[in-house]
Protein chains: 2
Amino acid sequence: MRMEAERAEIPASDSTGVQPLRSLEKGLRLLELFNRETPFLTMTELARRSGFHLSTIQRLTATLCNLGYLKRDENKRYHLGVKVIKLGFQVMRTLELRTLIRPYLQDLFNVVGLTVNLFLTVDDEVVIVERLEKHRILQYNLQMGSSLPMYCTAAGKTILSFMGEKRAQNYLKRVSMKPFTPHTITDPGKFLKELTLSRERGYAINTQELSLGACAVGMAIFDKEEMPRGAISLACPAQHFKMETVIEKYIDPLKKASRIASQFMGNSKE
Amino acid sequence: MRMEAERAEIPASDSTGVQPLRSLEKGLRLLELFNRETPFLTMTELARRSGFHLSTIQRLTATLCNLGYLKRDENKRYHLGVKVIKLGFQVMRTLELRTLIRPYLQDLFNVVGLTVNLFLTVDDEVVIVERLEKHRILQYNLQMGSSLPMYCTAAGKTILSFMGEKRAQNYLKRVSMKPFTPHTITDPGKFLKELTLSRERGYAINTQELSLGACAVGMAIFDKEEMPRGAISLACPAQHFKMETVIEKYIDPLKKASRIASQFMGNSKE
DNA sequence: TTCTAATTATCGCTATACGATATCTCTTGT
DNA sequence: ACAAGAGATATCGTATAGCGATAATTAGAA
């Protein structure tokens with residue numbers, strides 16, 4: 001019975017008829033449990049968070065440790081192994097979009113003189129894939145590879161706004177809207193209203209919702225199916241820039257860059 | 001029979017009595033096949049390179065695609081998925097040594113005024129875990145997370161020099177010493193001689209062996225078992241600096257930093 | 001077109017991964 | 001110091017998940 005419940009958490013592979021490999025799925029799920037909030041996890045914590053049987057955790061951790069994907073410290077806490085880094089950076093090299101769009105981002109950067117970010121969607125977050133930094137404003141040390149929530153970033157919000165009401169609502173069910181600053185939107189109703197507004201005008205704004213003193217405007221990037229896959233955002237310190245003037249002055253170059261990026265993703269609209 | 005041969009490639013988990021999970025191992029092995037030389041691989045190529053049965057590849061790729069760890073382009077070539085990035089950067093955040101040693105690397109950087117790199121060993125390569133860049137000299141765009149061969153880097157050579165004759169020889173059996181420049185050492189015998197020299201003086205030198213115009217000196221970092229686990233290196237453009245004077249002037253601060261790093265790794269020598 | 005190579009789908013067998021349980025190792029409180 | 005409890009390891013019989021073979025399909029090349 002408990003076993004059934006466990007299985008239920010991993011939906012069957014539906015994209016193809018090939019049977020999915022359960023232990024591989026579980027192993028990767030386990031790796032994903034290590035994040036900013038919980039970089040160190042013990043066996044029982046892993047069991048609790050994953051829902052997997054403790055014996056399963058034993059086998060998974062042993063295997064992952066052997067391969068260098070997990071390490072264990074003297075307190076028997078596990079953390080991700082250095083080996084994972086190599087994979088991570090291999091992806092950065094591979095990402096076609098990133099290399100293709102880079103010169104255009106540089107152009108954008110030269111024109112606007114603000115921090116330029118290229119985001120891609122991963123699960124329920126956005127990951128910085130390219131970044132040209134102007135001002136050091138954030139509390140956080142953002143860099144390429146950093147992943148951020150969608151509900152408090154301009155990039156995430158514009159992406160969500162184009163995913164459709166249904167999907168946005170499901171997103172809100174999944175995540176908890178933890179307030180990063182007093183400006184963080186934590187009310188789902190209010191958030192959905194702003195998504196509508198964002199979709200209508202074609203861009204989303206973040207006013208100090210992730211980090212005090214930091215504002216941004218983001219425009220989505222679409223693939224060939226017209227689905228938002230990522231976004232480009234301009235970020236600036238709140239005290240030196242008025243968002244309205246930033247938008248008025250720079251929305252066109254931003255639009256241009258995001259359209260080019262969309263084209264690189266196979267989008268051919270207009 | 002063929003099955004047996006396949007199994008033989010994955011040695012049994014020996015660190016603990018727990019049985020290893022074959023399909024998890026295979027899945028991760030598959031991901032590791034994607035590297036700088038071969039960022040895109042088709043199913044049959046994967047089968048060839050891994051030695052796994054084609055049916056196995058089917059299952060592995062399907063599972064990994066579902067989870068977002070692999071993507072497939074329109075030509076049915078697979079490449080690593082964006083999801084891997086998140087894991088990669090989570091490691092960077094987690095790495096204790098990196099955060100602990102950072103201020104000391106900054107000190108070192110201020111004193112020497114050369115590019116400072118912190119490397120950790122991963123498999124048969126060294127991975128840049130922290131980097132303070134002074135001169136833009138390399139052909140390659142090195143950055144945090146980049147992985148490099150050991151046989152043509154100061155960091156890799158000093159690490160190898162302290163791993164013991166036996167292990168160094170095994171290393172040489174595994175890797176092919178592809179020449180990056182005319183200065184790259186490609187003769188195993190000559191290389192082993194230099195390792196001996198490096199061990200005796202306590203540091204290794206790289207004279208344009210990876211990239212023309214780039215020199216470096218590296219010192220190893222040891223863990224509590226006196227095993228080299230990484231290295232700190234100073235890099236500079238060859239035409240503006242004489243290696244002998246660099247070493248004479250800066251070997252002491254470099255030694256100091258690498259000793260502190262060793263202490264952070266639990267090493268308590270002297 | 002035909003031939004070849006690669007990809008996708010199907011299936012029965014058995015090694016494999018499963019969960020339960022027992023043992024061992026800690027920490028914590030009395 | 002000892003007991004109690006929680007957590008980590010080891011063991012084991014069983015069911016099933018993953019295995020390889022092979023067939024069917026598609027895509028390219030000649």
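Numbered from 1 within each chain, the chains take letters A, B, ... in sequence-line order. Quick caveat, the model's predicted, so the values are computed rather than measured.
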Short side-chain N/O contact to [N] OP1/OP2 from [X], under 4.0 Å:
{"X": "B/S55", "N": "D/dG18", "value": "no"}
{"X": "B/R59", "N": "D/dC19", "value": "yes"}
{"X": "A/K26", "N": "C/dC18", "value": "yes"}

Between D/dC19 atom P and B/F52 atom CZ, what is the distance in whole Å? 9 Å
Let me have the donor-acceptor pairs involving side chains of residues 97-104 of chain A, under 3.5 Å, with sequence neighbours excluded, atom names and distances please.
unit_1 : atom_1 : unit_2 : atom_2 : d
A/R98  : NE     : A/V129 : O      : 3.0
A/R98  : NE     : A/E130 : OE1    : 3.3
A/R98  : NH1    : A/M92  : O      : 2.8
A/T99  : OG1    : A/E96  : O      : 2.8
A/R102 : NH1    : A/E130 : OE1    : 3.4

Have a look at the helix from C/dT1-D/dA30 to C/dT30-D/dA1 and give the angle its two end axes make, five pairs each, rounded to 10 degrees. 50°
N/O contacts under 3.5 Å, protein versus nucleotides 4-8 of chain D?
unit_1 : atom_1 : unit_2 : atom_2 : d
D/dA8  : OP1    : A/T42  : OG1    : 2.2
D/dA8  : OP2    : A/T42  : OG1    : 3.4
D/dA8  : OP2    : A/T44  : N      : 2.9
D/dA8  : OP2    : A/T44  : OG1    : 2.7

Quiz item: cation-pi between B/K178 and B/F180, 6.0 Å / 45°: yes
B/K76 charged N/C atom sitting above B/Y78 aromatic ring, 6.0 Å / 45°: no
What about the rings of B/F34 and B/Y69, do their centers lie closer together than 6.0 Å? no
Going by distance alone, is a donor N or O of one side chain under 3.5 Å from an acceptor N or O of the other, for A/T63 and A/N66? no
Return the nearest nucleotide to the side chain of B/H53; candidates are C/dA17, D/dT22, D/dG18. D/dT22
Between D/dA10, C/dC18, D/dC19, which nucleotide has the shortest distance from any of its atoms to the side chain of A/Q58? D/dA10
Value rounded to 0.5 Å, distance of CZ in A/R259 from CD1 in A/I232: 12.0 Å
Any donor-acceptor pair under 3.5 Å linking the side chain of B/R229 with the backbone of B/S262? no
Locate the shortest heavy-atom distance separating A/G156 from A/V126; write the atom from each residue and the value. CA-CG1, 4.1 Å
